[in-house]
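Taking it in order: structure first as structure tokens, then the write-up.
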Protein chains: 2
Amino acid sequence: MPAPTTAEATASSQPTAGNGLERLYTTDLASEIEFLTARARSLGSGRANNMLAELDLKVRSYSVLSLACSGQNPSQRELADFLSLDPSQIVALVDQLEKRGAVTREADPRDRRSKVIAPTAAGRRLFKRAEAIIRQASDQSLAQLNDQERETLRDLLRRIAF
Amino acid sequence: MPAPTTAEATASSQPTAGNGLERLYTTDLASEIEFLTARARSLGSGRANNMLAELDLKVRSYSVLSLACSGQNPSQRELADFLSLDPSQIVALVDQLEKRGAVTREADPRDRRSKVIAPTAAGRRLFKRAEAIIRQASDQSLAQLNDQERETLRDLLRRIAF
DNA sequence: AAATATGATTGACTTTTTCAATCATATGGG
DNA sequence: CCCATATGATTGAAAAAGTCAATCATATTT
């Protein structure tokens, strides 16, 4: 990030602060919810990925690990549907997590085609650490919102995301 | 039918209804704002891209076109910063729009390295049509929220996106 | 039992992202 | 004014992510 002469003018010291970009903040595009959503997630997942890097994880693999640790015994198909990913991407993600000993593919007695993704003990430990990092990252990304605003945001997003 | 689990579905409420996926809605991950943001934007931009396809545009090119039409005379560097894209991606985007006669690269008298992206008359017409489509797409994606809720969402997102 | 559908997997292919290098032009310091 | 350094646009390469079709094993339907 460049550090222009006099950074930090207002409290809004996130990215793009202090340059001449405020001009574009007033455009119609900058007010579109879809645009803001895309930008928020870009900033958020960027930061989360950076911080998760120390665990050699990304938001994607963290999501899979999190669901594996959820107690809901998700199958790969369910992971694909829930995460809006192609089944082949789930294969790759699970391969990596399995290779590092974080999860296992368990047979589903009720459908032998299906593989349930379960965490190992090491996987649970990894998840605990990742969870803490994600919490920090999220906290930084949402720094401008108080708890109640975060609750409101969560609820609104939930209604358009599900 | 290309999109797996993305748009499509019935125009009404909850997609992914009726399968066994509700189970995962209760997980911690499903309550994380960052996860919901990612999912909302995935659904939203998926739908918008589908609908913009008839104009041979995507959300990306629409964004560039929109900023070009904003009256703010953005340079490519500013587009890159504002859209969080690599400068080389802007080159490609502008190339396409320029090739189809929607925008031009104007010299900036104050900095001859810089190129200001300006719309042509045809570009403005294209933008008008795209804007209408984006409005429809957005309206569908936000169907679960009333006007006031949309305002609230917009404001909350703006605060974390800028 | 046969036909059909589904979950996981592989491989090919396209698109998107990310980086390093280059050229032209600006800018700041002697 | 000249030099060193920084920046905007561009290209090209490489990595990552997303899309698709085909296959195998197992379920389900008829």
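In what follows, chains carry the letters A, B, and so on, assigned in the order in which the sequence lines appear, proteins first and then strands, with residues in each chain numbered from 1. Heavy-atom basis, side chains included; hydrogens, waters and symmetry copies ignored.
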- Query: Would you say the side-chain atoms of A/Arg100 pair up with the backbone N or O of A/Asp56, donor to acceptor, closer than 3.5 Å?
  - Reply: yes
- Note on the structure: Protein-proximity profile, nucleotides 13-21 of chain C, B/S/- by nucleotide at the 4.0 Å heavy-atom cutoff, equals --SSSBB--
- Query: Are the side chain of B/Ser42 and the backbone N or O of B/Ala38 linked by a donor-acceptor pair below 3.5 Å?
  - Reply: no
- Task: Please state how far atom CG in B/Asp95 lies from atom P in D/dA9, giving the value in whole angstrom units.
- Result: 13 Å
- Query: Whole-Å distance between C/dA8 C1' and A/Leu93 CG?
  - Reply: 14 Å
- Message: What is the separation between atom CD on B/Glu98 and atom P on D/dA9, rounded to the nearest whole Å?
- Response: 13 Å
- Look at the side chain of A/Asp28 and the backbone N and O of B/Ser66, then say whether any donor-acceptor pair between them is shorter than 3.5 Å. no
- Just by distance, with hydrogens left out, do A/Arg158 and B/Ser31 show a side-chain donor and acceptor under 3.5 Å apart? yes
- Note on the structure: So, with a heavy-atom separation below 4.0 Å from DNA chain C, the residues of residues 112-120 of chain B are B/Arg112, B/Arg113
- Task: Report the C-alpha separation of B/Phe35 and A/Phe82 in whole Å, then their side-chain angles, then the decisive distance to 0.1 Å, and conclude whether the ring-ring contact (aromatic ring centres under 6.0 Å, His included) test is met.
- Result: CA-CA 11 Å; B/Phe35 170 77; A/Phe82 193 65; 5.5 Å; yes
- Query: Without hydrogens or angle criteria, can the side chains of A/Gln72 and B/Tyr25 be said to hold a donor-acceptor pair below 3.5 Å?
  - Reply: no
- Could you tell me the separation between the CG atom of A/Asn49 and the P atom of D/dA16, rounded to a whole number of Å? 12 Å
- Item | Non-hydrogen side-chain atoms of B/Glu78 and A/Arg23 separated by less than 4.5 Å | yes
- Item | Check: B/Thr152 side chain, B/Gln148 main-chain N or O, donor-acceptor pair, under 3.5 Å | yes
- Message: Can a donor-acceptor pair be found, under 3.5 Å and without considering hydrogens, that links the side chain of A/Ser141 to the backbone of A/Ala137?
- Response: yes
- Query: Are any of B/Arg105's side-chain N or O atoms less than 4.0 Å away from OP1 or OP2 of D/dT10?
  - Reply: yes
- Using whole Å, report how far CG of B/Asn50 lies from C1' of D/dT19. 13 Å
- Task: Would you mind reading off the distance between B/Ile90 atom CD1 and D/dA9 atom P, rounded to a whole angstrom?
- Result: 9 Å
- Query: Side-chain contact, heavy-atom cut-off 4.5 Å: B/Lys115 with B/Arg77?
  - Reply: no
- Could you state the atom-to-atom distance from CG of A/Leu79 to P of C/dA8 in whole Å? 8 Å
- Protein-nucleotide distance (B/Gln76, atom CD; D/dA9, atom P), rounded to Å: 5 Å
- Task: Please tell me which of A/Arg110 and B/Arg77 maps to the more 5' nucleotide of DNA chain D, matching each residue to the nucleotide holding its nearest heavy atom.
- Result: B/Arg77
- Message: Given 3.5 Å as the limit, does a donor-acceptor pair link the side chain of B/Arg112 with the main chain of B/Ala107, or not?
- Response: no
- Query: To 10°, what angle do the rotation axes through the five end pairs on each side of the helix from C/dA1-D/dT30 to C/dG30-D/dC1 form?
  - Reply: 30°
